[in-house]
Amino acid sequence: MVKLRLKRCGRKQRAVYRIVAIDVRSRREGRDLQKVGFYDPIKSQTYLNVPAILDFLEKGAQPTETVYDILKRAEVFKEFRLNQTKFN
């Protein structure tokens with residue numbers, strides 16, 4: 001199963017995170033399938049590759065709680081629901 005999860009980068013006390021699609025059996029710093037975003041909690045900056053995220057969600061990827069909150073704040077799930085109604 002694939003999850004959308006945060007991967008820690010940066011230096012001590014200045015953490016930034018990449019949002020990655022990764023296999024659940026991999027550890028946090030393990031090899032990811034694809035980088036789909038970036039999150040800096042200190043500057044409150046977020047970059048999301050929305051088409052890639054929607055593609056993984058449509059294929060059944062599950063976001064972690066923190067990633068879910070980031071995506072919800074960016075209103076990605078509204079686009080996901082619009083795409084779902086187009087296909088059905």
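Numbering of residues begins at 1 and proceeds along the displayed sequence. Because the structure is a prediction, the values reported are computed rather than measured.
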Is it the case that one hydrophobic cluster holds both [X] and [Y], taking links as side-chain heavy atoms less than 4.5 Å apart, direct or via other members?
X	Y	value
I70	V76	yes
Y68	V20	no
F77	Y47	no

query = Excluding sequence neighbours, so at least two apart, what forms side-chain contact (heavy atoms from CB on, under 4.5 Å) with V16?
reply =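 Once residues adjacent in sequence are excluded, the partners of V16 under the side-chain contact (heavy atoms from CB on, under 4.5 Å) criterion are C9, F38, D40.
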For [X] and [Y], which heavy atoms make the closest approach, and how far apart are they?
X	Y	result
I22	R31	CG1-O, 3.6 Å
A52	V36	CB-CG1, 3.9 Å
V2	L33	CG2-CD1, 3.8 Å
P41	A15	CD-O, 3.7 Å
R8	Y17	CA-CD2, 3.7 Å

inquiry  = If you define the side chain from C-beta out and look only at heavy atoms, does anything of L57 sit under 4.5 Å from P63?
reply    = yes
Counterpart residues, salt bridge (charged side-chain N to carboxylate O under 4.0 Å, His left out), relative to [X] (two or more places apart):
X	result
E65	none
K7	D32
D23	R25
K43	none

query = Should I19 and L6 be marked as a side chain to side chain contact (heavy atoms under 4.5 Å, CB included) after you check the CA-CA gap, both sets of side-chain angles, and the distance that decides it?
reply = CA-CA 5 Å; I19 301 170; L6 293 175; 3.7 Å; yes
task = Please name all residues satisfying side chain to side chain donor-acceptor pair (under 3.5 Å) with N49, sequence neighbours left out, ordered by chain then number.
result =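 Residues passing side chain to side chain donor-acceptor pair (under 3.5 Å) with N49: none at all.
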task = Answer yes when K59 and D55 have at least one side-chain N-carboxylate O distance shorter than 4.0 Å, and no when they do not.
result = yes
request  = Working to the nearest 0.5 Å, report the span between OG1 of T64 and CG of D69.
outcome  =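 T64 atom OG1 to D69 atom CG measures 8.5 Å (nearest 0.5 Å).
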